[in-house]
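So the structure is just underneath, and the comments pick up after that.
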Amino acid sequence: MVSRVIPVDAFDLVIFGGTGDLAKRKILPGLYRRFMAGQMTENSRIIGAARADLNDDSFRALVGEAIEEFVPKDRQDAKIIAQFLEKIAYVSIDATGEGGWAKLRGMMREGVVRAFYFSVAPSLFGAIAERLHLNEIADAQSRIVVEKPFGRDLASAKALNAVLAKHFTEAQIYRIDHYLGKETVQNLMAVRFANILFEPLWKAEYVDHVQITVAETVSVDGRGAYYDKSGAMRDMVQNHMMQLLCLIAMEPPYHFDPDAVRDEKLKVIRALDPVKPEHIVRGQYNAGGGEGSYIEHSEDPSSKTESYIALKVKVSNWRWQGTPFYLRTGKRLRARASEIAITFKEPPHSIFDDASGWRENVLVIRLQPNEGMELQVMIKEPGPGGMRLMQVPLDMSFAAALGDEADDVPDAYERLIMDVIRGNQTLFMRGDEVEAAWAWTDPLIQGWEARGDKPQGYDPGSSGPEDALMLMHRDGRRWREIKG
Ligand code: NAP
């Protein structure tokens with residue numbers, strides 16, 4: 001019922017940063033799974049590139065270990081792993097030096113897709129793009145894949161775009177936001193645009209409000225000093241949550257085509273109003289549960305960086321006039337859970353008594369855990385007790401609906417890398433989209449920095465700071481429970 005696997009064209013994929021954490025945890029295991037599924041063809045190759053003095057064999061050993069560690073045991077097949085490792089090579093290259101590039105050029109084959117994954121710090125993007133160009137390693141059909149963070153403000157995002165644009169066209173640049181590769185996120189588009197049921201109601205007239213939650217239980221311990229330079233707004237809202245908001249709020253594109261979809265997302269970002277200070281709540285987790293506080297983890301006693309943020313966002317266009325979007329994300333919260341909940345308005349007239357127990361219809365799209373969808377509907381409470389209403393969920397978990405085949409659904413990175421090879425940019429952010437997102441984000445950050453706002457403390461295992469509850473209560477609404 002699920003994956004009809006369509007093999008992609010043969011490719012040479014060079015992973016700069018091939019020995020790094022992201023390559024080991026996501027990119028290489030993901031490629032193995034696509035090879036196992038028959039989507040990566042025999043004639044394809046993966047070339048790791050980093051400064052480390054490795055050779056093909058020692059890099060293959062590293063890839064083998066990564067598969068052992070990060071691919072579920074029941075998907076590890078010694079024979080297939082051995083075949084996969086045959087496709088792997090290594091070249092030692094310093095992004096900022098001149099050695100190794102001629103060797104890499106010699107390794108490139110004609111007649112296959114050439115893709116270059118920049119899984120390195122963004123400060124190296126320019127150096128790599130330039131050397132790929134100068135050494136004639138990349139051709140006009142080549143693709144480059146770049147990782148987040150894509151800038152830390154509008155100026156740095158523009159500078160990154162400019163550096164890449166020197167040697168590559170926009171059609172060659174794939175900016176990854178792995179949220180867009182998630183099955184459920186793509187399902188958002190299917191639910192909205194492949195069903196007649198929801199779209200007529202998808203507007204301020206019928207939608208009371210939308211809640212988008214990305215809650216984590218983990219702290220920033222061990223990477224606090226690094227995290228402290230970004231915070232929840234830059235790390236989560238500007239990219240991932242903005243993308244979710246766009247998919248919920250956008251107009252139907254004329255076609256499921258990369259630029260048509262991205263044009264509509266861009267219009268949403270441009271329609272976002274500046275957020276008023278009283279509609280922003282920032283928090284830092286307190287110590288508790290045997291762990292230190294955010295301040296201890298950040299190693300800066302005066303840190304004002306947020307590990308939690310809640311925002312009330314207004315999309316200023318005809319469709320959404322009067323429907324607020326509430327966004328919240330944070331670390332050390334009650335459960336690891338991401339969801340989008342669309343709460344509909346009351347029916348215009350009730351034929352039932354006030355005491356009949358009416359509650360709103362809510363469409364919940366769960367990203368994790370237990371990916372799926374749930375529609376809260378009213379039914380009659382069973383039994384002879386008169387017409388009393390109760391709310392029940394029409395609940396669909398993808399795992400239950402798809403059975404064993406759900407295990408074969410590619411994870412976000414696998415899907416996105418295959419899209420790069422296919423040349424499909426629909427699920428990647430365009431340069432103007434990223435810049436528009438920063439143009440909205442920058443003044444908010446500058447505002448709280450100028451005011452010297454201090455984040456409010458919240459307890460680990462809670463659902464965030466008190467003021468975030470008030471943000472909703474003031475509007476006569478409440479956050480949904482964060483449930484794992
Ligand atoms: P990492 O573990 O620090 O790995 C960095 C990689 O870059 C290593 O392979 C390193 O190998 C290589 N490298 C460093 N300097 C180099 C140079 N001058 N020339 C060539 N290669 C060089 O970092 P990571 O966590 O994998 O992250 C990579 C990128 O992905 C970053 O932009 C990060 O923000 C982004 N990202 C990571 C994650 C994640 O979960 N890890 C998630 C989202 C985005 P050598 O030292 O041997 O050169």
Side-chain angles (χ1 to χ4, degrees), residues 13-31 46-56 58-63 65-66 69-70 88-101 103-104 116-132 134-135 137 144-152 156-157 159-161 163-164 173-182 214 216 218 220 222-223 225-232 234-241 243 329 331 336 411-417 420 427-429 434:
L13 171 66
V14 181
I15 308 173
F16 291 99
T19 57
D21 176 67
L22 183 68
K24 285 193 282 199
R25 278 194 309 112
K26 291 287 179 190
I27 306 172
L28 292 160
L31 284 161
I46 299 158
I47 301 165
R51 289 168 306 180
D53 186 19
L54 303 180
N55 57 30
D56 289 351
S58 46
F59 184 60
R60 283 180 188 142
L62 177 148
V63 177
E65 283 161 24
E69 189 173 352
F70 296 111
I88 292 194
Y90 182 80
V91 53
S92 175
I93 279 189
D94 182 342
T96 57
E98 302 314 323
W101 295 96
K103 181 176 174 197
L104 182 59
F116 302 92
Y117 200 128
F118 293 13
S119 182
V120 292
S123 56
L124 296 175
F125 290 178
I128 297 177
E130 187 171 15
R131 283 161 179 75
L132 285 175
L134 291 178
N135 291 283
I137 298 169
I144 59 170
V145 184
V146 294
E147 265 298 334
K148 81 162 208 179
F150 202 85
R152 67 179 319 275
S156 53
L160 272 182
N161 276 336
V163 132
L164 298 177
I173 304 171
Y174 291 72
R175 295 175 194 78
I176 284 216
D177 182 328
H178 72 271
Y179 258 58
L180 285 179
K182 284 177 186 281
V214 177
E216 297 179 287
V218 290
V220 299
R223 56 183 203 104
Y226 170 80
Y227 182 89
D228 202 51
K229 292 195 204 88
S230 59
R234 287 191 172 97
D235 191 48
M236 275 288 177
V237 178
Q238 184 275 343
N239 39 48
H240 306 321
M241 296 186 84
Q243 289 296 323
T329 181
K331 309 273 181 200
R336 178 167 179 261
D411 95 342
Y413 273 94
E414 296 172 42
R415 176 191 312 276
L416 292 172
I417 296 169
V420 172
L427 301 176
F428 297 83
M429 290 179 299
V434 176

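Note that ligands are numbered from 1 as they come in the structure, with each ligand's atoms numbered from 1 the same way.
Scanning for side-chain contact (heavy atoms from CB on, under 4.5 Å) contacts around Glu216 gives Val218, Met236, Lys331, with sequence neighbours left out.
Closest heavy-atom contact between Ile176 and Phe428: CG1-CE2, 3.8 Å. Listed here is the closest heavy atom pair of Pro29 and Phe70: CG-CB, 3.9 Å. Contact record, Asp235 with His240: O-CD2, 4.0 Å, taken as the closest heavy-atom pair. Nearest heavy-atom pair, Asp53 versus Ser92, reported as atom, atom and distance to 0.1 Å: CA-OG, 4.5 Å.
Nearest protein heavy-atom neighbour of atom 19 (N) of ligand 1: Ala95 N, 2.8 Å. The protein heavy atom nearest to atom 46 (O) of ligand 1 is Arg51 NH2, 2.9 Å. Among protein heavy atoms, the minimum distance from atom 4 (O) of ligand 1 is reached at Gly20 CA, 3.3 Å. The nearest protein atom to atom 26 (O) of ligand 1, hydrogens excluded, is given as Leu22 N, 2.8 Å; this is a heavy-atom distance. Counting only heavy atoms of the protein, atom 18 (N) of ligand 1 lies nearest to Asp94 OD1, 3.0 Å. Nearest protein neighbour of atom 41 (N) of ligand 1, counting heavy atoms only, is Asp21 OD2, 2.8 Å. Here the protein heavy atom with the shortest distance to atom 10 (C) of ligand 1 is Thr19 OG1, 4.0 Å.
Contacts between Ile93 and ligand 1, counted as non-hydrogen atom pairs separated by less than 4.0 Å, involve the backbone only.
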Test log, rule side chain to side chain contact (heavy atoms under 4.5 Å, CB included), inputs Leu164 and Phe118
CA-CA 11 Å; Leu164 298 177; Phe118 293 13; 4.2 Å; yes
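For the pair Arg131 and Glu98, the salt-bridge criterion is met [side-chain N within less than 4.0 Å of a carboxylate O].
The contact set between ligand 1 and Gly17, taken as ligand atoms under 4.0 Å from a residue heavy atom, comprises 6 (C), 7 (O), 8 (C), 9 (O), 12 (C). Less than 4.0 angstrom separates some heavy atom of Pro149 from each of these atoms of ligand 1: 34 (O). Ligand-side atoms of ligand 1 in range of Pro122: 32 (O), range being under 4.0 angstrom from any heavy atom. Using a 4.0 Å cut-off to heavy atoms of Val120, the atoms of ligand 1 that qualify are 7 (O), 28 (C), 29 (C), 31 (C), 32 (O). Using a 4.0 Å cut-off to heavy atoms of Ala52, the atoms of ligand 1 that qualify are 47 (O).
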List, one per line, each side-chain donor-acceptor pair under 3.5 Å for residues 17-28, sequence neighbours excluded.
residue	atom	partner	partner atom	Å
Asp21	OD1	Arg25	NE	3.3
Asp21	OD2	Arg25	NE	3.2
Asp21	OD2	Arg25	NH2	3.3

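For the ligand labelled ligand 1, residue Arg25 lies inside the 4.0 Å heavy-atom shell.
Between atom 28 (C) of ligand 1 and the options Ser123, Ala50, Ser119, the minimum heavy-atom separation is to Ser119. Residue Lys148 holds the heavy atom nearest to atom 33 (C) of ligand 1 of all those in His178, Glu147, Lys148.
A side-chain donor-acceptor contact under 3.5 Å links Arg415 to the backbone of Gly181. Listed for the Tyr90 side chain is a donor-acceptor partner under 3.5 Å among the backbone atoms of Ala50.
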